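In what follows, a single structure is set out as structure tokens and then discussed.
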Amino acid sequence: MEKNKVSITISNQKYTVISNESPESVKKLGDTVDKKVSEIMASSRVSLTEALVLTALDLANEARENEKAVKKLKGDMAGYLEDVEKITIERDKLRRELDKLKK
């Protein structure tokens with residue numbers, strides 16, 4: 001896969017990122033980080049380094065919460081598929097009974 005060299009700006013500082021992701025995707029990620037850093041720096045008197053650490057913690061927490069949500073959805077989906085399988089078996093059984101009664 002081709003590596004892309006992308007410039008992003010976070011808190012008025014330029015960074016060059018080398019990634020397999022598309023330049024547009026990397027820029028969107030940079031914009032997300034920049035927005036979060038700006039919000040933190042506007043709401044409290046912290047250094048850029050502290051704001052970056054807090055942003056990293058916030059994004060890591062979001063990722064963990066999303067992983068939990070995905071895990072729950074997978075469990076729900078497995079339950080639904082199990083229900084569909086039971087209903088399909090019951091439907092097939094009833095169809096066979098109906099066919100016997102028609103004869």
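Since the structure is predicted, the reported quantities are computational estimates derived from the model, not experimental observations.
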How close do N4 and S22 get, heavy atom to heavy atom, and via which atoms?
-> ND2-CA, 4.0 Å

Considering all heavy atoms, the nearest S19-E21 contact = OG-N, 2.9 Å

Between K86 and E82, is there a salt bridge with N-O shorter than 4.0 Å?
-> yes

Please collect all side-chain hydrogen bond (donor to acceptor under 3.5 Å, both in side chains) contacts where either partner lies in residues 88-103, sequence neighbours excluded, each pair once.
->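 As it turns out, there is no side-chain hydrogen bond (donor to acceptor under 3.5 Å, both in side chains) pair with a partner in residues 88-103 once direct neighbours are skipped.
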
Quick one: side-chain hydrogen bond (donor to acceptor under 3.5 Å, both in side chains) pairs with a partner in residues 26-43, sequence neighbours left out?
-> K36-D58, K36-E62

Taking a hydrophobic cluster as the set of Ile, Leu, Val, Met, Phe, Trp and Tyr residues connected by side-chain heavy atoms closer than 4.5 Å, whether directly or through intermediates, do M41 and V33 fall within one such cluster?
-> yes

Linking I/L/V/M/F/W/Y whenever their side-chain heavy atoms sit closer than 4.5 Å, directly or via other members, would L59 and L52 fall into one cluster?
-> yes

Cut-off 3.5 Å, no hydrogens considered: what does the side-chain donor-acceptor table look like for residues 5-14, sequence neighbours left out?
| from | atom 1 | to | atom 2 | distance (Å) |
| --- | --- | --- | --- | --- |
| Q13 | OE1 | Y15 | OH | 3.2 |

